[in-house]
Amino acid sequence: MICRLDTARRRIEPCTLVILGASGDLTARKLIPALYHLFRDRQMPAGFRVVGLARREKTDESWRAELREALGRFSRSQPVDEDVWRAFAANVFYCPGNLTEPSSYVRLESRLEAVSPPELRQNRLFYFAIPPSQFRAAAEQLHRAGLLVREGDPGWQRIVVEKPFGHDLASAQALNGDLTQFAHEQQIFRIDHYLGKETVQNILMFRFSNSVFEQVWKREMVDHVQITVSEKLGMGGRGAYYEEAGALRDMVQNHLLQVLALVAMEPPVSLEAEAVRDEKVKLLKSIRLPQAGDGARQVVRGQYLRGIVEGQPQPGYREEERVHPDSNVETYVALKLFIDNWRWSGVPFYVRTGKCLPLSASEVRVQLRPTPNVLFAAACGPRLDPNALTLRLQPDEGITLRFNGKIPGASVGVRPVRMHFSYDAEFGAYTPEAYERLLLDAIAGDATLFIRRDEVETAWQIADAVRAGWEGKPLQDEEFYAAGTWGPDAADKLLAQGGHRWRHPEPVK
Ligand code: BG6
């Protein structure tokens, strides 16, 4: 039986998408390709306009030409269908303006009036593809121009904001305070693009629609959990950003904690946005904060030195462009986290991410407790391989259950075998980008896959507690790792203390 949960309650109304920061990388790489694909797949509302606002002087025509060129480079489907593009581009307009100047918003307002047919009403999605330092000014100016909250108007106005949402708890609280001065929390859609990934969304479906797995999802059955998001690439020109961020802020505070929340949260009372987000917040709040002095027992950081990744030489982090030669910024983090609630008490959750690791892959590995090894110890040694379930989030998306089987033959031999589900084999190569789903949800006003105010703040509280352990301390020799390896040795020791070891993701075959 195929069961679709959301089609009935989604309302995709005609609307205008206003992109603030229209000249930036995000617009060209992600937003326009996503909108083009939604249009091609007939998922955009019946009527829509895209209006870009940025400083540079451009005409509608020259902006469209730029976007068409970028689509040729970044679209997930090639070649671009020219007829579809032309029909899409006829809805795309440009408005030059400065984010901090009130007159720009007056111009924006009249441009919106001029290009939007009446059926679009005042339904507007403002996409903040701008640095967080400009969020407040943009929200304030939109508010002043009467574009954000239109009393008595039947339409809707929403803001989508990109990460990083602050750089610690205090700055995230300040940003939330700023934004909610000018818009209601229900109007604010904070993006974490990991939530737009099919496989990440599938975590909840998988957990709560399969009794066979639902039964084992608890401390009595689970020995420990490993969440890995490894990346083989280095900075790729993002050194300046990364110097301010580091792996903890860039990946753990958002993507990894979101995955962890979905893996470990309690079943929500419904699939409504608030019900799901309530449970995620509850889970994040149950994570035991690393205390000062926990140091190596719970937290490992690292930074890559020069090395070889996939046969190619890779410079060390400190040698990257726009990185300080003595930088102490971490490019690797591994954490041992405990969730102090009834279900997970005592079960370690190991979480790691890093740049310049041997391969790019994201996965969740749930390792189950071993059986009493009384029958096979003589033949197979003191430990049998424990059962494990691996949710491969990307690439080579799938789910693998590893269990033991008898080696055929007259002797008693046991070895691990697998049952494997592959997305591609089952559903074909269906690969919408995360941004397609997220943009559509924001248009539909469905906030389930967006981060709520208390959620982002709780995640920062965790990240801040981790960072407090190393703040101001220069990296030590043992915290470096060669590019192309699986991180510093200390990360192995972190697991060894608990009798565990990392199971690295396998390369795509
Ligand atoms: C971004 C980070 O949020 O996620 C990047 O800023 C990282 O540093 C990227 O490379 C990873 O996303 P994905 O979808 O490629 O796993």
Side-chain angles (χ1 to χ4, degrees), residues 12 14-97 108 111-112 115-117 120 124-131 160-163 189 191-198 233 236-238 241 360 394-395 424 428-444 449:
I12 311 282
C15 64
T16 307
L17 282 96
V18 182
I19 304 178
L20 307 185
S23 295
D25 215 36
L26 183 75
T27 307
R29 270 179 193 270
K30 298 287 183 194
L31 303 182
I32 294 297
L35 292 170
Y36 160 81
H37 281 110
L38 288 173
F39 180 74
R40 188 197 66 174
D41 299 344
R42 298 178 195 284
Q43 298 200 58
M44 284 297 276
F48 75 94
R49 293 288 185 267
V50 177
V51 177
L53 180 96
R55 257 206 317 255
R56 278 176 235 159
E57 282 297 331
K58 285 178 207 172
T59 62
D60 295 338
E61 283 313 321
S62 65
W63 193 45
R64 290 173 190 163
E66 264 177 41
L67 296 177
R68 169 63 190 84
E69 188 274 327
L71 195 62
R73 283 186 288 145
F74 302 123
S75 166
R76 68 176 164 84
S77 62
Q78 298 289 353
V80 173
D81 183 324
E82 293 303 338
D83 291 340
V84 174
W85 167 254
R86 262 193 302 277
F88 171 77
N91 298 288
V92 173
F93 301 89
Y94 187 78
C95 174
L108 176 65
R111 190 87 174 110
L112 288 173
V115 303
S116 308
L120 270 54
R124 287 171 185 162
L125 187 73
F126 296 97
Y127 200 110
F128 283 20
I130 50 180
V160 180
V161 290
E162 272 291 331
K163 74 172 256 268
F189 287 63
I191 275 207
D192 182 317
H193 81 276
Y194 261 61
L195 296 183
K197 294 180 191 274
E198 279 291 333
L233 294 180
R238 292 172 80 219
Y241 157 76
S360 294
Q394 63 180 31
D424 259 19
Y430 171 74
T431 49
E433 287 258 350
Y435 277 88
E436 293 171 34
R437 171 68 196 258
L438 294 174
L439 280 165
L440 203 57
D441 281 10
I443 293 173
L449 300 179

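This structure is a prediction, so every number in the text was calculated from the model and none was measured.
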Q: Check the surroundings of atom CZ in Arg73: do more than 12 heavy atoms from other residues, nucleotides or ligands lie under 6.0 Å from it?
A: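 More than 12 heavy atoms, drawn from other residues, nucleotides or ligands, come within 6.0 Å of this atom.
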Q: Could you tell me whether Arg76 atom CZ has more than 12 heavy atoms of other residues or ligands within 6.0 Å of it?
A: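 Yes, because the 6.0 Å sphere around CZ of Arg76 holds more than 12 heavy atoms from other groups.
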Say you draw a straight line from [atom1] of [X] to [atom2] of [Y]; how long is it, rounded to the nearest 0.5 Å?
X: Ile443; Y: Leu35; atom1: CD1; atom2: CG; value: 6.5 Å
X: Ile19; Y: Leu125; atom1: CD1; atom2: CG; value: 9.0 Å
X: Glu66; Y: Lys58; atom1: CD; atom2: NZ; value: 3.5 Å
X: Leu71; Y: His37; atom1: CG; atom2: NE2; value: 7.0 Å
X: Arg68; Y: Arg86; atom1: CZ; atom2: CZ; value: 9.5 Å
X: Ile12; Y: Phe48; atom1: CD1; atom2: CZ; value: 13.0 Å

Q. Do Arg49 side-chain atoms and Leu112 backbone N/O form a donor-acceptor pair below 3.5 Å?
A.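 No, Arg49 side chain to Leu112 backbone: no donor-acceptor pair under 3.5 Å.
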(Q) Taking Gln78's backbone N and O only, do any of them form a donor-acceptor pair with Ser75's side chain (distance below 3.5 Å, no angle check)? (A)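 Pair absent, no side-chain N/O of Ser75 close to backbone of Gln78.
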If we only count heavy atoms from C-beta on, is the [X] to [Y] side-chain gap below 4.5 Å?
X: Arg56; Y: Tyr94; value: yes
X: Asp441; Y: Phe189; value: no
X: Leu67; Y: Trp85; value: yes

Q) Parallel, tilted or perpendicular: which fits the ring planes of Phe88 and Tyr36, with parallel below 30° and perpendicular above 60°? A)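 Correct class here is perpendicular.
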Q: Report the residue from Ile191, Ile130, Asp192 that forms a side-chain contact (heavy atoms from CB on, under 4.5 Å) with Glu162.
A: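 Of all the options given, the one that passes is Ile191.
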Q | Option among Val161, Leu17, Leu439, Val18 that satisfies the side-chain contact (heavy atoms from CB on, under 4.5 Å) test with Tyr127 | A |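 Exactly one option meets the side-chain contact (heavy atoms from CB on, under 4.5 Å) with Tyr127, and it is Leu439.
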(Q) Can you confirm whether the side chains of Ser116 and Arg124 place a donor and an acceptor under 3.5 Å from each other? (A)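 No, Arg124 and Ser116 have no side-chain donor paired with an acceptor closer than 3.5 Å.
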